[in-house]
Amino acid sequence: MRNIVLAGFMGTGKTCVGKKLAGRLGIEFVDLDDVIEAREGRLITQIFAEKGEAYFRGVEKALVREFSEKTPFVIATGGGAVVDQENLRLLKKSGVVILLEADIETILERTHGQTHRPLLMVADPKGRIKELLEARAPFYKKADYAIDTTSLNVDEVVERILSLVS
Ligand code: S3P
């Protein structure tokens, strides 16, 4: 079985959906951000603050390479991972890349009040979300499939993915 890779913006449900999906398929789930935090021994926010985004992207890239060589996993990527062409290429090679999407208001609502996403810790998170979504659109559209999660619950998204992959 090939990997199932969940890509997409922060707040689109990659982690919740990924865990449930892996349970349904009886395969292992990995959240690349969690692995980064465990290996670096600090939170993503600390990594960004202390070492900078470029350092984080380097660690993320190394992990993408590592997990692209293993199967079968359900992999939840960080929202910026597939913006790197090489990452996207490796992830696609290892399995099917499914983009989870949501509208701006929903993303704002789902990420509101959370402190673990450094890119959204700004005065105008809505403006930042809009800006990042626009910049990432050309990369996100290269995914194999896209599911709009705006009005779906976790189980419904899982069912849709199962019907895509089985
Ligand atoms: C990021 C998304 C985060 C995390 C980091 C950067 C991004 O992951 O990797 O804060 O660039 O969109 P989630 O999408 O799991 O929140």
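In listed order, ligands and their atoms are each counted from 1.
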Discussion item. Looking at R24 and E159, is there a salt bridge between them, counting it only when a charged N and a carboxylate O are closer than 4.0 Å?
Written reply: yes
Fill in: NZ/NE/NH1/NH2 to OD/OE distance under 4.0 Å, E37 and R42
no
Discussion item. So if I only count non-hydrogen atoms and take anything under 4.0 Å from ligand 1, which residues does that give, chain by chain?
Written reply: M10, K14, D33, I44, F56, R57, G78, G79, G80, R117, P118, L119, R136
Item to complete: Indicate the ring-plane relationship of F56 and F48, choosing parallel, tilted or perpendicular according to the 30° and 60° boundaries.
Response: tilted
Worksheet item: Would you say the side-chain atoms of T71 and N3 include a donor-acceptor pair closer than 3.5 Å?
Response: no
Discussion item. If hydrophobic clusters are built from ILVMFWY residues whose side chains come within less than 4.5 Å, do M121 and I44 share one?
Written reply: no
Item to complete: Please find out if less than 6.0 Å separates the ring center of F73 from that of F29.
Response: no
